[in-house]
Amino acid sequence: MAPQRILLGITGGIAAYKSAELVRLLKKAGHEVRVVMTRGAEAFVTPLTFQALSGEAVRTSLLDPEAELGMGHIELAKWADLIVVAPASADFIARLANGMADDLLTTVCCATESPIALAPAMNQAMWNNHRTRRNIGLLAEDPQIRLWGPDQGAQACGDTGPGRMLEPQVLFERIAGDRAGPLSGKRVVITAGPTREPIDPVRYISNHSSGKMGYALAAAARSAGAEVVLVSGPVALAAPIGVSVRPVVTAEDMLTEASRAVDSGCDIFIATAAVADYRPQACADDKIKKTSEDMTLALVRNPDTLATIAARTDAPFTVGFAAETADVERYARDKMQRKRLNMIVANDVSVPGLGFNSDCNAVTVFWRDGEQSIGPESKTGIASRLVALIAEQLS
Ligand code: PMT
């Protein structure tokens with residue numbers, strides 16, 4: 001990434017301390033960094049920390065007579081190639097969404113023509129609050145705004161859920177991706193989550209996939225500039241901002257929707273879904289009753305979405321996932337060859353706390369003449385790195 005001028009806005013939240021590491025990473029990569037802090041941010045970290053790391057005076061006040069002699073807020077707005085607000089609090093997001101300019105940071109955001117990236121950080125209930133959702137919805141439609149995160153997981157207040165700021169390393173990679181736009185102009189189709197194969201009107205066969213890996217990849221691909229379609233089995237996750245979600249239930253639905261999405265143009269197809277390999281031969285019309293001690297269910301093979309897409313004459317760059325509990329590399333390489341994939345991402349799902357229905361993962365990616373291990377780390381972090389790797393291999 002060519003050196004650029006990055007204005008880092010810091011608002012009031014405990015994640016503010018992590019932004020010091022972001023400044024360090026950006027400076028190490030040769031960027032110019034200036035920092036603007038809100039009054040709330042100053043309650044968590046001191047301007048002196050950021051002055052020492054950035055090598056620049058930190059601005060905290062809009063009505064600073066000395067700085068405003070040279071129209072400081074307009075100068076800052078024009079100076080920045082990119083504004084990154086990390087952490088972006090619920091209050092800051094509300095003020096930005098409503099076009100307010102009541103402190104230096106909102107005023108600079110109002111005056112700039114450069115992109116503004118927000119890394120939200122707040123308690124999960126605040127993130128899920130309907131007024132925050134409305135403000136985020138407004139910003140998601142604004143072409144000047146990028147929304148990076150938030151991540152899921154344990155929060156400083158003891159809650160668990162969405163609202164953690166993305167890690168500094170991930171933000172650093174998003175900044176690199178945003179400027180270079182490694183997937184801009186590309187259309188990416190991703191499958192995620194489990195499928196449900198009905199046995200009768202109240203029962204089904206399924207698995208433990210939560211969709212977190214696929215949703216994180218969709219958000220990372222979107223941040224890298226791609227148009228993203230997410231074909232999703234039943235999950236309890238909010239649609240990633242800017243991503244078109246096509247909900248499905250069964251493996252057959254997944255093939256139909258994924259094929260339809262690929263028919264409309266697709267450069268990269270990523271299959272993170274945990275698709276049921278078999279479905280009941282027939283779904284009973286009525287609830288099956290307990291009439292005997294044992295019961296036999298006849299199953300038939302489901303269609304393989306990934307193999308079908310990879311076998312097309314107009315096949316996109318195809319990336320499969322392999323969830324294994326033993327002999328991970330051998331099975332993964334075998335799947336890559338059999339399904340004629342460009343890349344396969346293997347995860348050892350026998351490791352507690354990784355893989356299915358967890359916030360973290362560890363993967364090894366294989367392609368024809370290379371391999372790379374990523375993690376253990378958050379699925380968001382893994383998704384960022386995977387997208388960078390896919391973009392590299394694609395080109
Ligand atoms: O959803 P999470 O809780 O975040 O968990 C993520 C995950 C563990 C589900 C994910 O990282 C993962 O490994 N997904 C693949 C799960 C799997 O078991 O794949 P598989 O070995 O059955 O299939 C190999 C590949 O073919 C996969 O890309 C799969 O999406 C695809 N496939 C398989 C069968 C089928 N009928 N259609 C398919 O497209």
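First listed ligand is number 1; within each ligand, the first listed atom is number 1.
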Checklist line | For D142, side-chain hydrogen bond (donor to acceptor under 3.5 Å, both in side chains) partners two or more places apart | finding: none
Item checked: Nearest protein heavy atom with distance in Å, relative to atom 30 (O) of ligand 1 -> A273 O, 2.6 Å
Within ligand 1, which atoms have a heavy atom of [X] less than 4.0 Å away?
X    : answer
G320 : 28 (O)
M213 : 4 (O), 6 (C), 11 (O)
F356 : 3 (O), 5 (O), 8 (C), 9 (C)
A271 : 27 (C), 28 (O), 30 (O)
K379 : 2 (P), 3 (O), 4 (O), 5 (O)
D277 : 34 (C)
T272 : 9 (C), 10 (C), 12 (C), 14 (N), 15 (C)

Note to self: Would R260 and E257 count as a salt bridge (charged side-chain N to carboxylate O under 4.0 Å, His left out) here? Give the steps.
What the structure shows: CA-CA 5 Å; R260 194 173 290 157; E257 270 310 320; 3.0 Å; yes
Check: For A219, what residues pass the side chain to side chain contact (heavy atoms under 4.5 Å, CB included) criterion, not counting sequence neighbours?
Finding: P240
[X] with [Y]: basic N within carboxylate O range, under 4.0 Å:
X    : Y    : result
K339 : D304 : yes
E32  : R5   : no
E293 : K290 : no

Check: Is G355 in contact with ligand 1, taking contact as a heavy-atom separation below 4.0 Å?
Finding: yes
